Amino acid sequence: RKEVEQDPGPFNVPEGATVAFNCTYSNSASQSFFWYRQDCRKEPKLLMSVYSSGNEDGRFTAQLNRASQYISLLIRDSKLSDSATYLCVAHGSGNTGKLIFGQGTTLQVKP
Amino acid sequence: EAGVTQFPSHSVIEKGQTVTLRCDPISGHDNLYWYRRVMGKEIKFLLHFVKESKQDESGMPNNRFLAERTGGTYSTLKVQPAELEDSGVYFCASSQVRQGGLHFGNGTRLTVT
C-alpha cells in the first residue's frame, strides 16, 4: 500500500467549474502536509500547506482531517492555467526532512 | 533570489558508465534533498543533507549511488555504474527549515541505454 494515495484522474472540467481532489495517508505520525503543483516536464512547486483548521488561498482551499488521515484540495472557478498535476505530500514522521509524495492527480481545464 | 539550479538538464549514458549530477541550492538553505521520479511512479526521496552532513539517506537505492555535499554548499550525486533502472528525473530541493515546503530545481533527466 502506498503511503500517500491519490486518484490519478485525469479530471476533465470546464472553465469556471469547481473541482475537488482527495488524498489519504497511511502514517498517522506524519506532522505536516502540502499540496504541490507540477506542470508537464517541470519541477514540483509548492501550492499551499495544509492545516487542520483548513486554509484558503484565493480560489484554493485545503483541508486536513487527522482522524480519517484524509487531505483535500478544492479549486473554485477553474482557469485554463490550473491545468497541471496536483501532488499530495506528507512530511515523514519524527525529525526527518523527508517528504512522501502521492502519485499526483491530473487536472485538465477545458474552455 | 536565484532558485535551485541543477546540471545537466539532460544526460544520456550507456549502462555501466558513470554520471555525476550537480545541485546548487538556494543560498543560505542548510537543508538539501535529492529526489527521483522514475517513469510512471511517484517522486521518491533519496537523501537529505543538513549542511555537509547526511541527515537521512534511507532512500538511496544501493551503493551505486553516492551523494556528497562538501563544504555544505553545492551537492553532487554520482551513479556508478549506471543501470537501466536508474533512468528517471532526479530532482534536487532545498529549504531553510526542515519541516517547511521545499524549493525544487528543474531536475536532471537521466536516460541509461
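Values in this document were obtained by computation on a predicted structure and should not be read as measured data. Just so it is clear, the values below take in all heavy atoms, side chains as well, and ignore hydrogens, waters and symmetry mates. Throughout, protein chains are lettered first and strands after them, A, B, ... in sequence-line order, and every chain is numbered starting at 1.
Cluster annotation: A/Val89 and A/Leu107 are assigned to distinct hydrophobic clusters (Ile/Leu/Val/Met/Phe/Trp/Tyr, side-chain heavy-atom contacts under 4.5 Å, transitive). Hydrophobic clustering places B/Tyr90 together with B/Phe49 (ILVMFWY residues linked when any side-chain heavy atoms are closer than 4.5 Å, directly or through intermediates). Connection of B/Val50 to B/Val97 is not established within any shared hydrophobic cluster, with ILVMFWY side chains joined at heavy-atom distances below 4.5 Å, either directly or through further cluster members. In the hydrophobic clustering of ILVMFWY residues, with side-chain heavy atoms under 4.5 Å counting as a link, B/Leu77 and B/Val89 come out apart.
Within the 4.5 angstrom heavy-atom criterion, no atom of A/Gln6 approaches chain B. When heavy atoms are compared at a cutoff of 4.5 Å, A/Ile100 does not approach chain B at all. Heavy atoms closer than 4.5 Å to chain A are found nowhere in B/Asn31, neither backbone nor side chain. Proximity to chain B (any heavy atom under 4.5 Å) is shown, for A/Lys98, by both the backbone and the side chain.
No more than 12 heavy atoms of other residues, nucleotides or ligands shown are found within 6.0 angstrom of OH on B/Tyr74. In the displayed structure, A/Tyr70 atom OH is contacted under 6.0 Å by more than 12 heavy atoms of other residues, nucleotides or ligands. Within a 6.0 Å radius of NZ in B/Lys54, other residues, nucleotides and ligands contribute more than 12 heavy atoms.
The closest donor-acceptor contact from the side chain of B/Tyr35 to the backbone of A/Leu99 lies under 3.5 Å.
The shortest side-chain heavy-atom distance between B/Val4 and A/Glu43 does not fall under the 4.5 Å cut-off.
A distance of 14.5 Å separates NZ in A/Lys45 from CG in B/Leu102, rounded to the nearest 0.5 Å. How far CD of A/Gln103 is from CD1 of B/Ile43: 10.5 Å, rounded to the nearest 0.5 Å.
Of all heavy-atom pairs spanning A/Pro44 and B/Phe91, the tightest one is CD-CE2, 3.9 Å.
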